[in-house]
Amino acid sequence: MKKETRMPEAKLEQIAPYRWRLSQDFQPGMNVPGEIIASESMIPHILSDNTPKQVANVATLPGIVGASLAMPDIHWGYGFPIGGVAAFDLDEGIISPGGVGYDINCGVSLLRSNLTSREIRSDIPKLVDALFNRVPCGVGSEGKIKLSGNDLTRVLEKGARWVVEQGLADKDDLEFIEENGGMTDSDPSLVSDRARERARKQLGTLGSGNHFLEIQVVEKIFQPEIAEAFGLYKGQVVVMIHSGSRGLGHQVCDESLKVMQGAARKYQLDLVDRQLACAPFKSPEGQDYFSVMKCAANYAWANRLAMSGLVRQTFAEYYGKPWQSLGMSMVWDVCHNIASVEEFAIDSSSHKRKLCVHRKGATRAFGPGDSSLPERYRNVGQPVLIPGDMGRASYVLAGTETAYKTTFGSTCHGAGRVMSRKAAVRATQKGNIARKLAERGIIVRSRGKWTLNEEIPEAYKDVEDVVAAVHGAGISQKVARLKPMGTVKG
DNA sequence: ATGTTC
């Protein structure tokens with residue numbers, strides 16, 4: 001669907017602080033209302049961007065329950081908006097590749113350390129160079145790991161566990177990755193030869209675009225007790241990785257969309273936008289997509305963990321001691337592009353139902369007491385990792401009870417683009433970006449010719465505003481603000 | 001996001 005410049009008077013009714021309802025009569029065929037989490041000052045931009053139209057389109061899909069949701073970092077996406085959450089009944093509902101996105105299991109991981117910014121400030125340029133040289137990045141980048149056919153199949157089955165078995169990461173890491181770094185019942189036989197070929201050489205590579213690897217300092221603590229549980233304190237150095245499933249996820253999504261176009265016709269699904277291509281969750285096509293999506297998701301977890309291993313090697317070599325004595329253990333790893341079967345109570349009912357939750361540019365935000373959380377975080381809720389732009393900040397939040405009730409245990413995933421890549425390049429001069437950031441004490445190295453121009457801070461909403469909205473809505477709470485010190489971009 | 005048009 002073409003993005004329209006004007007929208008037919010979207011009515012967004014404020015129903016609670018930071019919560020806005022798009023009425024079911026906004027568009028014919030909506031099965032549920034829409035709901036957008038945002039601060040009042042964001043509403044004009046959201047309306048002018050026409051993304052409520054995509055929220056309404058998703059609401060027309062069969063079996064959707066509750067509401068078609070959007071987070072404050074919403075922007076225009078393929079069919080479903082980026083920053084969208086939609087949950088479907090397993091019997092009457094659908095599953096859609098457009099509800100997950102091209103970069104299946106794009107996500108973020110965070111390593112802590114026992115270093116302080118004061119100690120390592122002067123090392124940053126050399127450390128960034130060393131990371132840049134060790135972690136392959138950029139479009140089409142290939143790593144040192146060349147997977148045999150059998151090994152790739154094991155990665156698609158096991159995800160991050162395979163990386164641990166190879167001695168490239170620690171077995172304790174798995175406890176701190178969502179789904180323990182691997183979804184069960186993935187089916188590698190469904191991954192095409194072409195997708196496999198792309199995957200073989202890309203394990204442990206960063207990619208490009210908004211993906212990054214960043215040395216950060218914990219700049220501010222908002223919730224000392226939760227920060228302590230997460231092992232975070234002011235002045236501490238941490239390393240954040242934002243990456244996904246690389247060419248594999250893209251290939252899988254592309255091929256699945258073609259299958260789903262046929263499936264939508266076969267099952268006579270009346271789609272208001274072709275890009276909403278989907279199949280009933282329990283149909284063969286729906287189940288096949290779910291299984292092949294899991295393969296790509298598992299690859300992405302393996303990819304981020306492999307890069308964590310490279311980061312540890314880099315620091316260990318630089319400081320001449322093992323990573324363990326630098327305290328570089330895993331805080332957490334989140335996935336923000338995925339479909340997952342989870343249990344929620346709908347409306348005021350106490351009865352829980354299994355739903356297929358699509359999070360496309362939205363982060364799981366499970367609250368205190370969730371049995372799937374590791375002991376260490378059980379009482380405080382899960383860490384929620386929010387990557388910001390190059391110049392400002394990233395955030396660590398914690399999941400809340402409210403998120404279960406209002407957003408299917410979900411929150412925002414980042415700052416959210418406000419400027420197209422083209423517009424960002426037009427607005428900038430080549431060569432100036434890295435220098436300007438350096439003047440502000442942020443060392444950046446990039447592989448791509450235009451990546452830094454495309455990724456200027458001004459191309460994004462201020463992550464501060466996005467986080468304030470989800471915190472205000474109560475669907476996650478601020479724990480720590482992280483400030484960039486040195487960044488590797490693709 | 002993506003061997004940025006197999």
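Computation of the quantities below employed the complete heavy-atom set of this structure, encompassing side-chain atoms and omitting hydrogens, waters and symmetry-equivalent molecules. Protein chains get the first letters and strands the later ones, always in sequence-line order, with residue 1 at the start of each. Everything numeric here is computed off the predicted structure, so don't read it as measured data.
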Check the distance between [N]'s [atom2] and [X]'s [atom1] and give it to me in whole angstrom.
| X | N | atom1 | atom2 | value |
| --- | --- | --- | --- | --- |
| Q251(A) | dT5(B) | CD | P | 14 Å |
| E142(A) | dT2(B) | CD | C1' | 14 Å |
| E197(A) | dC6(B) | CD | C1' | 15 Å |
| W450(A) | dT4(B) | CH2 | C1' | 15 Å |
| L257(A) | dT2(B) | CG | P | 16 Å |
| D103(A) | dT4(B) | CG | C1' | 14 Å |
| L248(A) | dT2(B) | CG | C1' | 12 Å |
| K258(A) | dC6(B) | NZ | C1' | 9 Å |

Discussion item. Quick check on dT2(B): is either OP1 or OP2 less than 4.0 Å from any side-chain nitrogen or oxygen of S208(A)?
Written reply: yes
Practice prompt. May I ask you to evaluate whether R194(A) reaches the phosphate of dC6(B), defined as a side-chain N or O under 4.0 Å from OP1 or OP2?
Written response: no
Discussion item. A quick test of your reading: do over 12 heavy atoms of other residues, nucleotides or ligands sit less than 6.0 Å from NZ of K201(A)?
Written reply: no
Item to complete: Answer yes or no: are there more than 12 heavy-atom neighbours, outside R481(A) itself, under 6.0 Å from its atom CZ?
Response: yes
Need one value for [X]: base, sugar-phosphate or nothing, where a base atom within 4.0 Å counts as base even if backbone is also close, heavy atoms only.
| X | value |
| --- | --- |
| G244(A) | nothing |
| E454(A) | nothing |
| R421(A) | base |

Practice prompt. Identify, between V139(A) and H211(A), the residue whose nearest nucleotide on DNA chain B lies closer to the 5' end.
Written response: H211(A)
Item to complete: For T314(A) and R134(A), test the side chains for any donor-to-acceptor distance below 3.5 angstrom and give the result as yes or no.
Response: yes
Worksheet item: For the residue pair R304(A) and C106(A), what are the closest heavy atoms and their distance?
Response: NH1-C, 3.7 Å
Worksheet item: Can the ring centres of H336(A) and H242(A) be said to be less than 6.0 Å apart?
Response: yes
